[in-house]
Each structure stands twice: as structure tokens, then as C-alpha cells.
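For ligands, and for the atoms within them, numbers begin at 1 and follow the listed sequence. Hydrogens, waters and symmetry mates are skipped; everything else that's a heavy atom, side chains included, is used.
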Amino acid sequence: MRWLWALLLVWLALPALADDGTRSALATVDLAGSSLAAEGRDRGKPRPMELRLTISQPVPYRVYFLDGPPRLVVDFREIDFSGTSAEDLPGRELVPALRWGRFRPGWSRLVMELPGPYALRTAVQSPAEGGARGALVKLRIEPVKPQAFVTRGNALSALWDLPSPAEVTPLPPRRTAKRPLRVALDPGHGGHDPGAKVGAIYEAALMLGFARELAEILTRAGFEVVPTREDDSFVPLERRMTIARAAQADLFISLHADALPAGEAAGLSIYVWNPQADDRATRELAMRHDRADLLAGLDLAGTDDQLADVLMDLARTETHPRSEAFAKFAVSELNRAGVGMHRTPVRGAAFSVLKSPDIPSVLIELGFLTDAGDRANLFDPDWRARTAQALAQAIGLWAQDDAARAALSRK
Ligand SMILES: [Zn+2]
């Protein structure tokens with residue numbers, strides 16, 4: 001259970017981004033596609049149960065148990081439960097009590113009182129069934145002996161109890177009007193993590209500079225830019241993703257120019273999430289990217305529990321092809337602009353910052369500071385301008401293609 005505490009501390013350290021008014025399209029619950037069901041015949045004893053919640057879009061969530069009385073708690077980030085009553089959930093009568101509501105900014109909570117001690121057997125978030133849009137969260141729990149009942153510590157349960165309906169505050173009105181495409185630009189490293197170094201120049205400063213140049217070109221092209229850092233400060237990897245998500249970014253681009261032993265890497269490379277990728281060079285890069293967070297005590301890699309994997313499965317089926325599509329547009333535009341690339345320009349890597357389940361994300365190594373040719377490029381304003389221009393072009397083409405595909409899948 002140690003990961004749970006570690007994760008919780010990470011969350012508590014995050015700023016309350018959800019209150020800045022940018023979050024306007026929260027997931028909603030569809031009661032018609034939701035239910036609680038028990039297995040087998042009712043003999044007055046606790047039975048295995050399945051909770052199904054159909055929601056309008058996939059969201060990150062956590063499941064755990066509390067005792068006194070035994071309860072199942074599901075925290076969502078985040079579902080707008082307003083206008084729906086847990087009392088109306090089909091199968092509600094199978095448990096002593098069921099409540100849901102807004103818990104605190106950025107978080108919603110479902111609490112189900114249980115007829116005895118239970119354990120979580122499966123937790124799956126998959127595309128909604130029957131052609132409906134959105135996602136289906138399925139939790140299967142089974143009765144266990146009291147000594148096998150695993151709960152989170154009591155200190156927290158005292159603080160975080162059932163949300164009372166009075167706590168549910170109205171959310172800001174939803175914006176439905178079309179808006180410009182929003183691109184999160186993530187200059188790698190910063191603060192006590194300077195990244196790779198060549199001479200007196202650090203990767204962190206170089207990437208901040210390039211991000212500003214790219215942001216200007218994107219803004220002029222009519223896109224909105226969300227920077228994950230705007231100065232030389234340390235921003236943990238999860239917060240970078242949270243900033244993008246809170247701003248409802250449509251695309252996340254992390255910018256790097258790392259160092260690898262000479263001869264191992266040269267040329268611009270675009271990485272998409274792939275937990276299976278394990279060639280030595282990308283493993284080394286992944287470790288470099290995570291090292292600063294590890295030093296700061298934020299173990300993002302350690303959160304890879306079963307539930308996180310479930311979320312990533314969803315990412316693979318829905319978001320991953322969109323990340324790959326962007327990478328392909330970028331390669332073709334960069335080629336056209338004469339920007340030299342690695343012999344395999346698009347690769348997979350388990351870079352933590354690419355883990356967002358719902359935002360297409362890529363990490364671009366603009367070049368490797370250990371390679372003389374790449375170094376010369378990175379210091380050449382003309383090369384940087386051509387590269388930024390090509391990326392802006394690729395973003396525009398990808399956005400059109402992505403919107404067309406989304407429209408097709410809705411038909
Ligand atoms: Zn880097």
C-alpha cells in the first residue's frame with residue numbers, strides 16, 4: 001500500500017488547478033448505463049457485486065476501502081455528479097448507503113457502504129457499451145474475511161468522510177462554443193534539474209528558449225499555447241501533465257535535447273508512449289527524465305499499479321493512435337523543411353511525462369547535445385525557426401485530420 005500514500009502526497013502537493021475556471025467540460029454520469037448488481041442468490045450474506053458507471057468521458061480514478069463501517073471509496077478526477085442522485089442508481093438497495101458528489105476542487109467522490117468486508121477483484125475503464133460515447137467504469141468486488149480486509153489509514157478516513165449533498169457546489173457553466181486548438185508546450189527540466197549540459201549552456205535554458213520561439217509562431221498561427229513552465233523553475237512531471245489537463249490542452253509536446261554517449265544518437269527524434277520499449281538508449285533517457293522527480297521524492301514510476309495500467313490500456317486504444325498520427329505529420333513536415341532526423345524518427349519510450357491517458361502526447365528530442373551536428377543546429381536561429389515553423393504546420397494538419405476522424409467516429 002506504500003504507493004498509495006506516496007501518490008496521495010503527490011496529489012496533495014499539487015496546486016488546485018481546477019478552480020481557475022479553465023475546466024469547463026467535466027465528465028457526467030449516465031444513470032441509464034449505470035448499475036449495481038449482486039451475483040448469486042440472496043442468502044442474507046454478502047455477495048460479489050459489480051458497480052458499473054457510464055460516464056461521458058474517461059477520467060483518472062482511484063479505488064480503496066475504509067472501515068467502520070466498511071466502505072468502498074472511488075475518487076474521480078473528476079465527474080460532475082450534480083443533477084443526479086445516487087439514490088436513483090439501479091441496484092442501490094443492495095447496499096446500506098450510497099452517496100456521491102463533489103469532494104473538493106478537482107475531485108469527486110463516490111462512497112458505498114458495504115454489507116461486510118470486501119476486496120477489489122477487477123477495475124476496468126473501457127469505451128462505453130452499445131455505441132454510446134464515453135467510458136464505462138466497471139468495479140468488481142468480492143466479500144473477504146475480516147482479516148483480509150485492506151483499508152486505508154484511519155487518520156485520513158476521519159478527514160475524508162462521506163460527502164454530504166450540501167457540499168455539492170454548482171460548477172461553472174459549460175463552454176460549448178468552438179475554440180482554437182490548445183497546445184501544451186513543455187520545456188524539459190528546469191530549476192534544480194538543468195538537464196544535459198554543453199559548455200556553459202544547459203538543456204533546460206535551451207528548451208525554454210525554443211518553447212518561447214515555438215509559442216510565438218503557434219500563437220500567430222491562431223493556436224492557444226499553455227506553457228508548463230515559463231521560467232527556470234522545477235516543475236514535477238505529474239504537475240506538467242496536470243497543468244495541460246486543467247487547461248484542457250488538445251495536444252502535449254515535451255521539448256528536450258538530452259545527452260547520450262557519443263555515437264548513440266543524432267538527429268531529431270519524436271517519442272510516443274510505449275511501456276514495452278526497452279532499448280538501452282531510451283531506457284537511459286527515461287531514467288534521466290525521471291531522475292529529478294525521484295530526487296524530489298516524487299516517484300511517478302512507482303504509481304504503476306494495476307489501476308494505472310487500466311488507464312493506460314484506455315490510452316492505448318483511444319489516445320495513442322492520435323499521438324502517433326501527430327508524430328507522423330511532424331515527421332513529414334520536418335522532412336519537407338529539410339530538418340535532419342534520426343534514422344528511426346518516431347519511437348516508443350516509457351517517458352513518464354507521456355502518460356496522460358486523455359491528451360495526445362509526444363516528447364521531441366530536438367537533437368542530442370552530445371552530437372556536434374545537433375549542437376550546431378540547436379544554436380542556429382535559422383534551424384530553430386524552420387523546425388518551429390514545420391511543427392506549427394504539422395499541428396495544423398494534424399488538428400484537421402483529428403477533427404475529421406472524430407466526426408467520422410461519431411456518425
Ligand atoms: Zn531532457
For residues Arg102 and Ser82, is any side-chain donor paired with an opposing acceptor at under 3.5 Å? no
Just checking Glu216: does its CD atom have more than 12 heavy atoms from other residues, nucleotides or ligands closer to it than 6.0 angstrom? no
Closest N/O/S atom of His256 to the Zn ion (ligand 1), by atom name? ND1
With sequence neighbours excluded, residues passing side chain to side chain contact (heavy atoms under 4.5 Å, CB included) with Asp231: Ser233
Taking backbone and side chain together, does Glu365 place any N/O/S atom at a distance below 2.8 Å from the Zn ion (ligand 1)? no
Could you check if a side-chain atom of Leu114 sits within less than 4.5 angstrom of a side-chain atom of Met49, using non-hydrogen atoms only? yes
Do you know which N/O/S atom name in Glu203 is closest to the Zn ion (ligand 1)? OE2
